[in-house]
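Heads up, the thing below is written out as structure tokens.
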Amino acid sequence: MAARELPRHGHGATRLSCPTPATTTTTTTSNLCSFLNRAASAWLVCAVLSLFLFNLLWFYPVDAPWNAALRSVAATSGEGKHPSMAMAGAGGGEGARCDYSEGRWVAAPGRARRYNGTACNVKESERCVGNGRPDTGYLDWRWQPASCELPAFDAAAFVGAARGKHVAFVGDSMARNQAESLVCLLATAFPYTLVYRDPHPRERKFWRWAFPAHNVTVSVYWAPFLARSTGKTDDYRKPRNDVYLGALAERWSADADTMDVVVISQGHWFWIPTIYHDAATGEVVGMHNVTGLKNTGDIGLFAPYRRTLRMALERLVGSGAGNRTRARTVVVATFSPSHFEKAWDDPTTCARTRPYDDGEKEVGANERELRSIAMEEVAAAAARRGAAAGGGESRVEVLDVTKLATMRPDGHPGVYMHRDPFARGVPKRLQVDCLHFCLPGPVDTFNEILLQLLINKRRDIFTSLIYVALCLALLYLLCLTPRGSPENAVSALLRHVTIASSGEGRGGGGGGGGCDYSEGRWVAAAGHARRYNGTACDVKGSEDCARNGRPDTGYLDWRWRPASCELPAFDAAAFLAAARGRHVAFVGDSMARNQAESLVCLLAAAAFPYRLVYRDREPGTRKFWRWAFPTHGVTVSVYWAPFLAMAAGRPENFSVQHNLVYLDTLAERWSADADTMDVAVISTGHWFWNPTVYYHHNGGEVLGVHNLPELNHTEIGFFSPYREAIRMSLERLLGSAAAGRRGRTVVVTTFSPAHFEKEWDDPATCARTRPYEDGEKEVGGIEGELRSIAIEEAAGAAAAAAAAARSRVEVLDVTRLATMRPDGHPGVYMHRDPFARGVPERLQSDCLHFCLPGPMGAYQPLQHHHGGAAAGYFLPRTAVTWLPPPCLSLALLHLLCCSPPGGHQAVFSPLLQYFNGNGTYSSNISSSGVEERSSAAASCDYSVGRWVRAPGHARRYNGTACNVKPEQDCVGNGRPETGYLDWRWQPASCELPAFDAAAFLAAARGRHVAFVGDSMARNQAESLHCLLAAAFPHELVAQDAERYKRQFTRWSFPSHGVTLSTYWAPFLVRSGGKPFNYTMPYNLVYLDELGNRWDADAGTMDVVVLTAGHWFWNPAVYHRRGEVVGVHAHPELNATEIGFTSPYREAFRRALERLGSDGRRRTVVLGTFAPPHFDGKPIFDPTACTRTEPYRDGEKEVGSIEREMRSIVFEEATAAAAAAATMRVEVEDVTRLATMRPDGHPGVYMHRDPFAGGGARPERMQTDCLHSCLPGPVDTFNEILLQILSRQRSREK
């Protein structure tokens, strides 16, 4: 439904318009609309603008960087300039500008993996991934300008800037290359239509696309000389070109008056043999690189290049623009060099796999000259524009890409302009493309810069609102949250508002004034600690338990729950914001290093780049390492000082039997650097237990010994030296030695006990696999005393430092939580595959340090929250509560007033239905077990509807990139028609919103989402993973050793603490035979036993999607209590034929009983049966399921067997919902929508290039008419699943 126009009322003021969904009446919408009157609108605008200015003037110093940036904007705004412009535009002006032309390519994994070139129909020779290019590292780089940041391409911002405009690319094939890149980037977010293309698609001389939602048109015009030309430009077989100077190419020149944004790109064809003519007389006026012409001079390429560019600019912004009054932007792209280091048909040319580094490649002389000409002609056109009669507000810009393109020899197709070029061996000669760029690829960066040129010049009221919103959002993010994703910003805001109001973040032990983090218990939280890969972030090898082969990973599925509050999951963005510009130092023994490495990995896992600045020459010792996080100016260091004081002997050489400790002198390395530390975390204790001689007075006097009876000295134990070492360290950091230094935070970590229940070299020690429960283990007497000493010394230092400038002392009290985690140590898995050759009698074990990842991750949130009032934010906490209401209000106002046609419905339809009690969500079973399919006032029935055309709706991810099962990667396997991706499900009585990854992760935050069942469950799980991975970073936590089978896979999304798993259980209950060995002819099913992997993990699951059915059709022998109770389709056995519906019902019932038996609050979603489409043909018939469109209404009905299976699911769901107290049961009813999609299966394209051999279609070839292509119709299942979870989340709130 289109959004209504803004109506005018009495005083001429604009009244806010509320969108009305098809199922919502005027009465129901009035509940919300009554709040959006003129007075409220005016108040919202004034309040937001006033608050914005107030914050700038009151809370920011005059010389703050942000104010300086604003002043530079103000200084240039009168001329319509902006500091982020790449080149002076239409008027000169010398404001502070970002120069995008200078910079370097930096690694940015996945930056260019934004679309599927095959799906958006780029030229075949530029589909590098589709053509089989094996290395895709060229997609993992971004352009880093020398003096600023270049934002990633934002499709919404582009269409907003180009709304109602015609964007035209004019020039050679590089113009077409950039145009196709732009269309693909936009198509990832908005539907489009191919309005026109050449009758010969391979030529692509004139194509036009439309984006109807924003009335944007994109065209590409083939005009390699801009001027009129013939010869080789029309027929590649001809030896040269004829160019007529003085006459522009007809096609683009005729359409010029319709163009609002024109991107000119040319240059490569001027190098080719050409004869230049006077357009008026036809006489030859010169040539270039043509032999055999008499009395004709070679005029080179520079003069014709300059003349044709000048002609084009005169046509567009000079006198040739005629009476055009509408503003136009002309962008001239500088020359983008090729990289033919060898012959054009040498398969080894342009085979480089990474960009050039700084200084490795300079721009060539010819390329520099062409670039200079372009810039000079733009400057001249800009100067002439003011006097042009018809120029209007037109302007000219330069898209300076010469240097950034020069540095990307790796981004060209090369031999992969052909499909699988080495399929038949390495050819001696083969045409290569070292000119154009792969799509996706480096040319996407051209459009990132183009976007900046467009959005920085708009000056209408719509842009004014956007500008204010962006400024306020930037202010909010700068002051309250670090750079990170929006969901991190919201979570950080809510958390800090809570901290500000409760006073948390101060105090000594326990972690803050309001909450004592030291008391609590470990609770199951599936995947909570599965947030990074220890190998990837280079943790110490002996603590990388997963890499070392530890088979049980349940130790990663627990979180610490304090007794009186909640401990949020670690937020890397919030930590870096609190530590911005600071040096965070960990000082102490190996537990300090253990925690430091944990912190670095947690930060690195959130996509914040870091560098290892320094490490020991002997990396195995790790006595001093330093990392830097340049985006926030944060440094993390670890200093080996096991006694804090200076020590010799065993700390430096493990072969020495005792330690020598000098209690009046601090360890040199960390003490020397102490003045550079802003946050110091002290962790010590374990080495004090070892035999030691303690000295005073610079080693001249023995103070005493510990555990060295052979020496005739006083036994002083270790409590007193431990106390003295901590006191001396605190004095160094906070006392007179630190006078005059800016405030610092010192965190004293309490003792973390070891768990050597047996000998240190007994392989069976610390082999426990779960934490201790309450009352099962108490803190030992010695550990408790060490903890008390740390707290006492911290309290004394805090009192003494009260008068010091902003310095403070905190206690990180981890003794109890560490005591309760005997399962978190490496044990024998400090070694790689310790049992590879059997079980040794003696083997060193580590029951002291923690696995990484592991329980140590809980230390980091404690440390972050100890910094409650940390100076990482620019605003006082009292201002924090001011910002959310106006920020949200402005967003609401902007969406109501300024969203594009059709945008109101997508944004507000679910919101209005929710507020007005007309709610529309997918559940067909309520918590009380009452079926709700027919009530219009209850829930929207997504099960009834039709498929409607929606170009690009399912083109949301690249199946190859997110590693779907190869048999379902239809595009990657060469399926030529992709129209099956251009449909969406339209329910009969409501709207089904497109999948929103951020909304899904917010609804599932901190939860374990498990798909249990047959391969359709896995199909849907992989779809969900890809939809989420297209927007958020993720990790593959675990996968079958035999990846082909994919019987168990687990992913994690650390930004939200979400775990996603898929479990192979085709009968839900325990089974054997064919499900695990396809060569067996039948299945063995045990109806009264679960016994599968999913049963063991069920206690960790928060959202469970059960999908089964297809395997029940196969021959099977069913057992109960160890006896055969019947068979299906197995007549050779003398047993009762019981069919499959009864076992199907019993399997669902048994699974629901298991999930409802443990009292855990969870949501269980039962998927109804999704039918295959073999339509009576055998599985090896290559003509099966070859339809290319969905069935229409009435063309196909749900079969009787499928209806019966669907009914069973509903009946079992209703019964389970009525019986369960804590389990919510829902039905995801997909039977009808799946029945209507025969076109969405892989068919023969379960194989790679099934017809690659040519010739006739094979008579026999296995086909897949059961699963869905990925992407494909199964994505709709997850759109419905999102609505189920969203409603549950709203109920919980």
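For the numbers below, each heavy atom of this structure counts, side chains included, while hydrogens, waters and symmetry mates do not. Please read all numbers here as calculations on a predicted model, not as lab measurements.
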Check whether any side-chain heavy atom of [X] lies under 4.5 Å from a side-chain heavy atom of [Y], and answer yes or no.
{"X": "Cys601", "Y": "Val539", "value": "yes"}
{"X": "Val636", "Y": "Phe586", "value": "yes"}
{"X": "Val600", "Y": "Phe629", "value": "yes"}
{"X": "Leu843", "Y": "Pro834", "value": "yes"}
{"X": "Trp560", "Y": "Pro855", "value": "no"}
{"X": "Glu759", "Y": "Arg842", "value": "yes"}
{"X": "Glu1035", "Y": "Ser1052", "value": "yes"}
{"X": "Thr749", "Y": "Gln595", "value": "yes"}

Keeping the roles fixed (side chain from [X], backbone from [Y]), state whether a donor-acceptor pair exists under 3.5 Å.
{"X": "Arg768", "Y": "Arg770", "value": "yes"}
{"X": "Trp670", "Y": "Leu644", "value": "yes"}
{"X": "Arg732", "Y": "Ser671", "value": "yes"}
{"X": "Arg744", "Y": "Leu733", "value": "yes"}
{"X": "Arg821", "Y": "Tyr555", "value": "yes"}
{"X": "Ser845", "Y": "Asp761", "value": "no"}
{"X": "His632", "Y": "Leu576", "value": "no"}
{"X": "Asp516", "Y": "Ala563", "value": "no"}
{"X": "His686", "Y": "Ser752", "value": "yes"}
{"X": "Asp678", "Y": "His583", "value": "yes"}

Worksheet item: Going by atom types alone, do Glu597 and His849 pair a side-chain donor with an acceptor below 3.5 Å?
Response: no
Practice prompt. Test side-chain contact (heavy atoms from CB on, under 4.5 Å) on Trp625 and Arg593 and set out the steps.
Written response: CA-CA 9 Å; Trp625 281 42; Arg593 191 258 310 141; over 6 Å; no
Item to complete: Determine the interplanar angle of the His706 and Phe718 rings, folded into 0 to 90°, and report it as parallel if under 30°, tilted if 30 to 60°, perpendicular if over 60°.
Response: perpendicular
Practice prompt. Mind telling me whether Phe751 and Trp689 have parallel, tilted or perpendicular rings, with 30° and 60° as the class edges?
Written response: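 The rings of Trp689 and Phe751 lie parallel, inter-plane angle below 30°.
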Fill in: Derivation and outcome, salt bridge (charged side-chain N to carboxylate O under 4.0 Å, His left out), residues Asp673 and Arg626
CA-CA 12 Å; Asp673 287 359; Arg626 177 167 287 164; 3.7 Å; yes
If you round to the nearest 0.5 Å, how far is [atom2] of [Y] from [atom1] of [X]?
{"X": "Tyr532", "Y": "Phe570", "atom1": "OH", "atom2": "CZ", "value": "10.0 Å"}
{"X": "Leu663", "Y": "Tyr694", "atom1": "CG", "atom2": "OH", "value": "7.0 Å"}
{"X": "Asp823", "Y": "Cys847", "atom1": "CG", "atom2": "SG", "value": "11.5 Å"}
{"X": "His528", "Y": "Leu556", "atom1": "NE2", "atom2": "CG", "value": "11.0 Å"}
{"X": "Leu666", "Y": "Asp664", "atom1": "CG", "atom2": "CG", "value": "9.5 Å"}
{"X": "Asn533", "Y": "Leu852", "atom1": "CG", "atom2": "CG", "value": "11.5 Å"}

Fill in: Arg559/Glu566 salt bridge by N-O under 4.0 Å criterion
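Result for this pair is yes, salt bridge flagged.
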Please list, chain by chain and in numerical order, all residues satisfying salt bridge (Lys or Arg N to Asp or Glu O under 4.0 Å) with [X], sequence neighbours excluded.
{"X": "Glu710", "value": "none"}
{"X": "Arg521", "value": "none"}
{"X": "Arg547", "value": "Asp544"}
{"X": "Arg832", "value": "none"}

Looking only at heavy atoms, what is the nearest atom pair of [X] and [Y], with distance?
{"X": "Pro826", "Y": "Phe850", "value": "CD-C, 4.1 Å"}
{"X": "Tyr610", "Y": "Pro630", "value": "CA-CD, 4.2 Å"}
{"X": "Val779", "Y": "Gly784", "value": "CG1-N, 3.7 Å"}
{"X": "Leu817", "Y": "Trp522", "value": "O-NE1, 2.9 Å"}
{"X": "Ala647", "Y": "Val661", "value": "CB-CG2, 4.2 Å"}
{"X": "Pro753", "Y": "Thr819", "value": "CG-OG1, 3.2 Å"}

Practice prompt. Kindly check if the number of other-residue, nucleotide or ligand heavy atoms within 6.0 Å of CD (Glu776) is above 12?
Written response: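 Atom CD in Glu776 is crowded, with more than 12 foreign heavy atoms closer than 6.0 Å.
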Discussion item. side-chain contact (heavy atoms from CB on, under 4.5 Å), that's the test. Do Ile782 and Phe719 meet it? Break it down for me.
Written reply: CA-CA 9 Å; Ile782 295 175; Phe719 294 135; 4.1 Å; yes
Discussion item. The criterion is side-chain contact (heavy atoms from CB on, under 4.5 Å); which residues satisfy it with Glu757, sequence neighbours excluded?
Written reply: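 Partners of Glu757 under the side-chain contact (heavy atoms from CB on, under 4.5 Å) test: His755, Thr765, Cys766, Tyr772, Pro822.
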Worksheet item: With sequence neighbours excluded, what pairs up with His658 under the side-chain contact (heavy atoms from CB on, under 4.5 Å) test?
Response: Leu660, Pro691, Val693, Leu708
Fill in: Tyr722/Ile726 under side-chain contact (heavy atoms from CB on, under 4.5 Å): CA gap, chis, key distance, verdict
CA-CA 6 Å; Tyr722 177 72; Ile726 292 178; 3.5 Å; yes
Worksheet item: Step by step, would you call Arg530 with Thr553 a side chain to side chain donor-acceptor pair (under 3.5 Å)?
Response: CA-CA 9 Å; Arg530 302 175 188 269; Thr553 60; 3.1 Å; yes
Item to complete: Go through the steps for Glu773 and Met820 under the test side-chain contact (heavy atoms from CB on, under 4.5 Å), then give the verdict.
Response: CA-CA 7 Å; Glu773 296 177 0; Met820 298 175 71; over 6 Å; no
